[in-house]
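Following: one structure in structure tokens, then a few remarks.
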Amino acid sequence: MSALLSVRGLTAGYGGPPIIEEVSFNVAPHEIAVILGPNGAGKSTVLKTIFALTTVLSGAIEFDGADIAGGKTSTLVTLGVSAVPQSRNVFRNLTVEENLDVGTYAAPPADKVATREKVLDLFPDLRAKLRQPAGELSGGQRQMVAIGRAMMCEPKLILLDEPTAGLSPAYLERIFDLLLDIRKTGMTILMVEQNARQALQIADKAHVLVNGRNFASGTGKELLADEDVRRSFLGGGGE
Amino acid sequence: MELTGLFFYLVSILIAGGIYALLCLALNIQWGMGGLFNAGIAGFFAVGAYASAILTTDVSAKHLGGFGLPVAFGLIGAGILAGVLGWAVARICVRLKSDYLAMASIGIAEILRLVIVNESWATNGSLGLAGIPRPFGEFVSGRSADLVFLAYVWAVVLIVYVVAMRLYDSPWGRSLRAIRDNEVSADAAGKNIEKFRVQTFVIGCAFMGVAGGLSAHYFRFLSPSATDPLLVTFLTWVMLMAGGSGNNRGAIVGGLGIWMLWSVTEIFVNRLPPEWVTRSSYIRMLLVGLLLQFVLQKFRAGIIPEKSPPIRFREQESARDGRAR
Amino acid sequence: MIEFINFYLFPALAIGSVYALGAVGISMIFGILRFAHFAHGDLMTVGTYGVFAAAGVIAVSPLLLAPFGMALAIVMALLVDRVFYQPLRKLPTIYTVISSFGVALIFRSLVQMFWGSQNQVFNSGGVRPPLVLFDTFRISVLHVQAVLATACIAVALHFFLSRTRTGRSMRAVSDDPELAEVSGLDTEKVVRWTWIIGASLAAIAGLFVAMDTSAHPNLGWNLLMPMFAAAILGGIGKPMGAMAGGYIIGLAEELSSYHWIGDQALISPSYKTAVAFIIMIALLIVRPQGLFKGRLL
């Protein structure tokens, strides 16, 4: 099966020394891929680089057959890539409805109303809050608005930067369940996660990054079983 | 023009250029070292001018005065009053984004203009103050007085320059530049940012007041038009930007150089066809505005750039600018 | 009381409308481009003289010629943004502030070069008699027009910002520029619309001032401080707040010179313009985010 996203030998940074070096991995269509690693490993930088928010020094990024390395963020959205940043990921003064609407501007879906219904079916909590400013919602609901906004342009690939950061364990499970639902609609998800153990349980594929370089790759189950990975990231016990 | 005429024309340019050099040094302390945007230079300049004039003139029925102090005391008074005013503005605004300081300083300048025009018991309103003494005026007169004044102005410039250099190299100056270049890490290092900024602003304003005082003594006459924000504020900004903000020598070179250029354009525009001569001052203003844009776009470091390049955090800084708001 | 209404309240609402129209632009530019636009007053002047130039050719009421002034102001604003402000966008915004300071000078000297620095009175077909209501209220027709026009603009702007795609994009960029970029919004288009709206409203505001008194090159510059005060009062990035702020500043200015106690004006009319500044300073101390919870930049 050919990859939807293919990252090869990617070296990138923010103008200074490179943050990630020679990173390579593939994401197949309709899978949930997770990037794991300790703090400062460059996980978020990988997402930002794919989304053209950093400076690519060398390497290639191919999405759906097109070379997108060093492109423009707005073109990526039209190509079918959406991103949800880690924090500050909703327009706080815009209502939930407006937040979702803004998500369609860069790449309008064929049927806006149908897409919105589809998103709201995934996040039924939001139906009652459509006219409320997004800034007034709880952290978990804001995360839903953010993911919903990203889904409104019907992307092929969604990039999620730590979707569960700062959420309570209960919400964490809900978000992960939602991600499985989203995959069922045919979208592909690439996300960065701190909660490695839970993430590996839902992930089809996982890539571990250490010091900005590839460390290990495999299916969620493989990595959960891997001795090295376990010792370094998953700890001995439950957390 | 005969030779002596030319010589004294040059003297007059050097005097005014010296006063502008002083303003540039003062602005350099605020902007070049502290990163504080002062858009009300004219206001602090005017306060200094009126303070020094009132302190040194003889008794007059038309305005506050009769202190008859020596010029040096007048200038000190000018510096103190302008500094106190600067302190009040800085206390309110330094913790906010620099745009607010710009608005507040411009507002202060406008209010001062109102006060000067309206409180005629102190300032003689729009009629202005006359008979302002020159330093050592009792000993020299006529054209040689200009030479004495030239020396006096540049002596003050030298003093302020030495003070500014001392400040620049002192631990105080280093802290200040650290704050300017990276507020977050300076804050983390335990620097009291607000206090440093207020001090910077006050020192700069005090020197602007001294510059105002000197101009009053130079022209011997003072009216509200001297507080014209266009000329004083804009020109000083252009001068510092062109000279090299962050560098005291650059400030002096910019002040003197742009003033010479400004004076030369006067000769030049006077040769324009008659229908344009009446508009010459507007053409010159337009040129100053365009010069500022040119410097901002292509020549940001100035003629003499800051010598120890600031710790470059520019990119992170602008990135942070976007993110933090 | 009637004197109060005729000579203070209605003029206050009229000047409040002018401040409101100017402050909306300042607030939007501050919210979206993130800098205090010091050339906004002079942009107003440019728009006013655009109408003035058109009035020299076409002999109709200057109000009907407003589109000419708006067009001139829009062209100048877009030009200045393209040539001077845009290259500075990557730098700390203070450089753009300095640049706008210089642009103010450029605008003013251009106006002076083309039209001279004397007062120019609009030839609007003689003095119009005031509207008389109930034999007691005498209101200048122009003041009524200004207030009505501002009200219509406020409603239209509200619908534009809350219902249209461009309007929502503008609010999104104002809310969070980074997220707007991530969402793929066309930021440059939003910037263009900000200038178009800001410049048109500035031109209309300037026209009202010029028709009420006269046009002169310092017209806009003199209004800059109250407009800034109104924008801060309303909360940066809150256009409707800026409108309200404009009226509050206008009322405060006019009413401060009314003889509330005894025969003396509360504040000498010659210090009227200081009132806006004092309100602004008080606000910066007490509540820098403005009355309507705007953003603190």
Side-chain angles (χ1 to χ4, degrees), chain A residues 15 44 47-48 50-54 71-109 112 131 133-136 142 145-155 158-161, chain C residues 24 27-28 30-32 34 86 89-92 157-194 231 234-242 244 289-297:
Chain A
S44 296
L47 286 198
K48 284 184 187 155
I50 295 169
F51 218 57
L53 297 169
T54 66
K72 267 183 68 183
T73 302
S74 50
T75 357
L76 285 172
V77 179
T78 39
L79 282 175
V81 189
S82 268
V84 180
Q86 184 186 342
S87 55
R88 299 168 48 113
N89 49 21
V90 295
F91 297 106
R92 307 178 67 94
N93 289 315
L94 270 59
T95 64
V96 171
E97 189 217 333
E98 288 169 337
N99 264 281
L100 295 180
D101 190 40
V102 166
T104 65
Y105 291 171
K112 213 172 179 176
R131 297 183 153 250
E136 293 175 3
R142 276 214 295 271
V145 174
I147 298 173
R149 197 257 311 137
M151 290 177 66
M152 284 298 288
C153 55
E154 304 207 309
I158 296 190
L159 308 175
L160 297 173
D161 195 353
Chain C
V24 168
S27 184
M28 283 170 57
F30 216 152
I32 287 166
R34 268 132 235 277
Q86 200 195 39
R89 286 224 234 289
K90 293 263 175 273
L91 296 170
L157 189 65
H158 178 75
F159 274 95
F160 174 76
L161 290 174
S162 58
R163 296 292 155 81
T164 67
R165 194 179 145 152
T166 310
R168 285 179 173 183
S169 301
M170 288 174 78
R171 281 167 56 224
V173 174
S174 167
D175 224 22
D176 193 328
E178 287 218 331
L179 184 58
E181 200 194 333
V182 169
S183 309
L185 295 184
D186 187 348
T187 314
E188 284 305 317
K189 184 181 159 199
V190 163
V191 167
R192 269 197 306 280
W193 273 96
T194 310
I236 296 305
K238 296 254 169 185
M240 293 303 130
Q289 72 274 40
L291 292 181
F292 305 101
K293 271 209 202 152
R295 187 178 41 244
L296 178 58
L297 286 173

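Keep in mind that what you see is a predicted model, and the values were worked out from it rather than measured. Every chain is numbered from 1, with letters handed out A, B, ... down the list of sequences.
Looking at A:Phe51, only its side chain comes within 4.5 Å of chain C, counting heavy atoms on both sides. Proximity to chain C is absent for every atom of A:Pro155, based on heavy atoms less than 4.5 angstrom apart. Contact of A:Leu76 with chain C is not made at all, since no heavy-atom distance falls under 4.5 Å.
Not a single donor-acceptor pair under 3.5 Å links the side chain of A:Arg92 to the backbone N or O of A:Ala134. For A:Asn99 (side chain) and A:Phe91 (main-chain N/O), a donor-acceptor pair under 3.5 Å exists by modelled atom type. No donor-acceptor pair under 3.5 Å is formed between the side chain of A:Arg142 and the backbone N or O of A:Val90.
Here C:Arg165 does not pair with A:Asp101 in a salt bridge; the nearest charged N to carboxylate O distance is not below 4.0 Å.
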